[in-house]
Engineer: 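The following block contains the structure, expressed as structure tokens.
Numbered from 1 within each chain, the chains take letters A, B, ... in sequence-line order. Remember, predicted model here, so these are calculated numbers, not experimental data.
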There are 2 protein chains.
Amino acid sequence: MSEHWLERAHAALRAAGLRSGGGRELVLEELAAAGCLRSAQELERTLADQGKPVSRATVYRTLELLHELALVQRVDTGNGVAHFEPADHSGEHHHHTVCDRCGRVLTFADEELEAAIDRISDRLPFAVHRHDVVLRGACADCAGRA
Amino acid sequence: MSEHWLERAHAALRAAGLRSGGGRELVLEELAAAGCLRSAQELERTLADQGKPVSRATVYRTLELLHELALVQRVDTGNGVAHFEPADHSGEHHHHTVCDRCGRVLTFADEELEAAIDRISDRLPFAVHRHDVVLRGACADCAGRA
DNA sequence: GAGGAAATGATAACGAGGCGCATTCGCGCG
DNA sequence: CGCGCGAATGCGCCTCGTTATCATTTCCTC
């Protein structure tokens, strides 16, 4: 879905009357290529390592912009570092597990969980726009040698 | 349950061979009195306003200690600020809604959600120790005048 | 092309949180 | 009742992620 997301992102940015600068484009491509959770600094470093240095300010600005346009999902894994990933509009939705030992982040999807959350949002006096579920514990590798 | 929690906290701290200093005690009381989510700085400021200034280091150390002893639950509401609240050991478990407009945090509980998460932890190659569910959106007050 | 607005880059500022060390204080023991 | 050990506290400094500032460059439009 990467190319698809990239197209959608371009369209959304154009629709918002924004221009396509070099730095933003690189961040977009990198996000699309990664697909999974990436922190702002991982993005900055990866791009720098590829010989395409992008200013830190541009990376953060781009991520903030994409977040406002709902093109990326922001996930706070609880270490004080924000992570981002391309938002999936295909109806498929997934969440994350964070390993307390090695910090590894895995993804999972569960219809039952989604259904439960949907029902909750009907029941509460609260308009749920987004929901983040973060499970913390030990991943398969770390659980063995706890 | 506040007094109850306070007692339990005292017992746990004593059991760990720790002493009861003035600063820690104040943080404990404030947490118990608040009951709900509080950030480290809110605690620090509240105590200072009450004429009981506690060093920032002490507040953080106390919270870290309580977290290790599973006496407080740490919840990251996604603004880069960690929030804490007394852990409820009565089996009752609740989660939070965060309003994107006013930042208000409400709590809710849902058995179906808990059950879904339990089943997920059985299914995944991941030992789930804790889980945080944060719903973001607009609270009843803000939804009206969005 | 020329103009103007948006985008970018470099850097400083900011805020949460952690660390180290000197000092204080609680608590058990003689 | 004092003594002393070690935990607890406070203070200041530092790190690090993130955001704001501002001059400069770049991209669209006409």
Engineer: Looking for any heavy atom pair under 4.0 Å, which part of the strands does A/E64 touch: base, sugar-phosphate only, or nothing?
Structural biologist: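 No contact.
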Engineer: Atom CZ of A/R24 and atom P of D/dC27: how far apart are they, to the nearest Å?
Structural biologist: 12 Å
Engineer: What nucleic acid atoms does A/G17 come within less than 4.0 Å of, heavy atoms only: base, sugar-phosphate, or nothing?
Structural biologist: nothing
Engineer: Quickly work out the B/R56 CZ to C/dA16 P distance and round it to whole Å.
Structural biologist: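 In whole Å, C/dA16 P lies 9 Å from B/R56 CZ.
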Engineer: Choosing from D/dT18, C/dG9, D/dG10, which nucleotide comes nearest the side chain of A/Q41?
Structural biologist: D/dT18
Engineer: Taking B/L71's backbone N and O only, do any of them form a donor-acceptor pair with B/R8's side chain (distance below 3.5 Å, no angle check)?
Structural biologist: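 No.
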Engineer: Where do B/R38 and B/E30 land on the salt bridge (charged side-chain N to carboxylate O under 4.0 Å, His left out) test, with the steps shown first?
Structural biologist: CA-CA 10 Å; B/R38 273 319 201 23; B/E30 186 55 33; 3.5 Å; yes
Engineer: Would you mind reading off the distance between B/D76 atom CG and D/dG17 atom P, rounded to a whole angstrom?
Structural biologist: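 Atom-to-atom, B/D76 to D/dG17, this comes out as 15 Å.
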Engineer: Here's a test of your reading of the structure: between A/L65 and A/A57, which maps to the more 5' nucleotide of DNA chain C?
Structural biologist: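 Going by which nucleotide is closer to the 5' end, it is A/L65.
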Engineer: Below 4.0 angstrom from OP1 or OP2 of D/dG10, is there any side-chain N or O of B/T58?
Structural biologist: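 Yes, because at least one side-chain N or O of B/T58 sits under 4.0 Å from OP1 or OP2 of D/dG10.
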Engineer: When you get a sec, tell me which of C/dG20, D/dT18, C/dG18 is the closest nucleotide to the side chain of A/A82?
Structural biologist: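 It is D/dT18.
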Engineer: Has the side chain of B/R61 got a donor or acceptor that lies under 3.5 Å from a partner of the other kind on the base of C/dG17?
Structural biologist: no
Engineer: To the nearest angstrom, how far is A/H10 atom NE2 from D/dC27 atom P?
Structural biologist: 14 Å
Engineer: Measure from the side chain of A/L18, starting at C-beta and using heavy atoms only, and say which of C/dA7, D/dC28, D/dC11 lies closest.
Structural biologist: C/dA7
Engineer: Within this structure, what is the CG-to-C1' distance between B/L43 and C/dG17, rounded to whole angstrom?
Structural biologist: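 Value for this atom pair: 14 Å.
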Engineer: Which nucleotide in the list D/dT18, D/dG6, C/dG17 gets nearest to the side chain of B/V81?
Structural biologist: C/dG17
Engineer: In whole angstroms, how far is the P atom of D/dT18 from the NE2 atom of A/H67?
Structural biologist: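 That distance rounds to 13 Å.
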Engineer: Please report the distance, rounded to the nearest Å, between CG in A/L26 and C1' in D/dT26.
Structural biologist: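 To the nearest whole Å, that distance equals 14 Å.
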Engineer: Select one nucleotide: of C/dA5, D/dG17, D/dG6, the one nearest the side-chain heavy atoms of A/R19.
Structural biologist: C/dA5
Engineer: Specify the separation, in whole Å, of atom CD of B/E44 and atom P of D/dC11.
Structural biologist: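 The answer, rounded to whole Å, is 11 Å.
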Engineer: For a quick test of reading the model: is some side-chain N or O of A/Y60 closer than 4.0 Å to OP1 or OP2 of D/dT18?
Structural biologist: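 Yes, such a contact exists.
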Engineer: Does any non-hydrogen side-chain atom of B/T97 lie less than 4.5 Å from one of B/F108?
Structural biologist: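 Yes - at least one pair of side-chain heavy atoms lies under 4.5 Å apart.
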Engineer: In a check of side chain to side chain donor-acceptor pair (under 3.5 Å) between B/H94 and each of B/E114, B/Q73, B/E85, which one passes?
Structural biologist: B/E85
Engineer: Need to verify one output field. Residue with the more 5' nearest nucleotide on DNA chain D, B/G23 or A/F84?
Structural biologist: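 Going by which nucleotide is closer to the 5' end, it is B/G23.
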Engineer: Is there side-chain contact between B/L113 and A/I117, with heavy atoms separated by less than 4.5 Å?
Structural biologist: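 Yes - at least one pair of side-chain heavy atoms lies under 4.5 Å apart.
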